[in-house]
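We count ligands from 1, going down the list as the structure has it; atoms in each ligand are counted the same way.
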Amino acid sequence: MRLQTTTIHAGVNKDSAYNSVITPIYQTSTFRFEDIGTTKGYDYTRTANPTRTALEENIAALEGGMSAKAVATGMAAINVALHFFRTGDHILCTHDCYGGTERLFRTYSELYGIEISYVDMTDLSAVTHALRPNTKALWIETPSNPLLNIVDIQTLSDIAHNHNALAIVDNTFLSPYNQQPFKLGADIIIHSTTKYLNGHSDVVGGAIVVNRPEFVDRLQLLVNALGQGASPFDCWLVLRGIKTLVPRMRLHEENANAVARFLEQHPQIKKVNYPGLPSHPHHALARRQQHGFGGMMSFEVNGGIDEVNRILRATKIFAIAESLGGIESLICHPASMTHASMHPELREKAGITERVIRLSVGIEDVNDLIEDLEQALDSAKTVSYSAAKQTPISV
Ligand SMILES: *Cc1c(COP(=O)(O)O)cnc(C)c1O
């Protein structure tokens with residue numbers, strides 16, 4: 001099956017009693033035994049649930065992995081992945097990773113002595129130099145959040161494997177439609193299904209996918225023992241969202257491409273970070289590694305924080321909100337929102353200044369999106385020449 005067919009059919013047929021075409025929501029905590037010691041494959045929903053299994057089989061098929069587990073949030077998936085390591089292990093992480101990832105890593109290094117360090121993974125020799133004898137994994141996120149840097153998954157996986165370490169890829173920003181890390185050597189894939197996989201901003205969820213036989217049982221054990229599994233209803237919603245992944249991703253990209261081109265030629269804009277633009281420093285790598293450029297971008301304005309705040313306040317369709325990957329367009333200020341939990345020093349080093357604005361471009365009519373940004377930029381400009389004092393927004 002090709003990917004678009006897989007999104008609709010993989011894993012979904014779970015009802016042999018009535019042959020429902022859509023997977024039912026098995027909203028039950030427990031399952032009646034056939035006889036002592038005999039079940040129909042399920043005994044307790046923390047351990048497994050048919051609606052969750054349907055989603056897990058679907059995501060595993062989309063990523064081309066051996067096994068997937070659907071968990072409560074993207075952070076739960078990262079939490080489970082961290083339990084593949086022990087005290088004294090070192091994880092080398094990309095320096096501009098998701099803010100919540102950095103916060104969890106910091107907590108685990110303090111609590112459990114897992115060593116974490118950060119490196120700019122666009123610089124391959126810096127990566128090699130940052131390896132330690134106890135490095136057990138490279139933590140890769142590409143495109144990065146919010147600067148949309150692209151790193152080379154194949155080369156980084158080779159570096160990891162030559163060091164007897166794992167390559168772990170957070171594939172949230174592109175979804176398996178646009179990027180397939182297992183084909184590029186990755187061992188574990190992380191998703192926040194909250195984003196493009198569900199796509200409708202009505203669930204928080206996560207998934208962890210593995211591609212080595214020795215990880216399959218370990219993953220099941222961890223998700224069950226840690227109690228991380230996603231609820232049947234959330235799984236059902238994500239499964240439903242995935243059915244339209246391909247047409248949504250095509251529209252997200254089409255719109256993002258037009259918005260990026262509009263912003264790039266606008267005199268008030270200093271810089272646009274969108275991998276689909278030929279001006280993006282990693283455009284060639286993105287073309288090679290990805291099947292598309294996705295719907296995320298960020299940009300910097302000419303001017304300071306006041307101008308940034310005015311733009312954020314002035315958009316009417318783009319709502320100020322955290323999160324991304326839903327059908328509606330969102331605008332966000334990473335330094336005070338998504339990346340506020342990141343250590344300030346690390347944030348500065350990664351280049352996430354207070355002038356960066358991030359967009360999650362939705363699937364509305366692109367003309368409305370461009371007009372919205374145009375009027376927001378216009379109104380930001382008008383006020384910037386007046387004496388009006390603006391108080392910074394608090395979010
Ligand atoms: C949102 C996000 C996460 C965390 O996912 P939650 O579902 O919010 O817990 C992890 N990684 C990336 C890249 C994300 O965008």
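For the atom pair CG of D234 and OG1 of T51, the computed distance is 11.0 Å after rounding to the nearest 0.5 Å.
Note that K195 lies in the cation-pi zone of Y98, set by a 6.0 Å cut-off to the ring centre and a 45° limit from the axis.
Contact check for L3 versus Q180: side-chain heavy atoms found under the 4.5 Å cut-off.
Ring orientation note: the planes of W236 and F233 are close to parallel, at an angle under 30° on the 30°/60° scale.
Shown here is K243, whose NZ atom has more than 12 heavy atoms of other residues, nucleotides or ligands within 6.0 Å.
Under 4.0 Å from any atom of ligand 1, one finds heavy atoms of residues T73, G74, M75, I78, Y98, E141, D170, T172, F173, S192, T194, K195, G205, L324.
Taking 4.0 Å as the cut-off between side-chain N and carboxylate O, E345 and K349 do not count as a salt-bridged pair.
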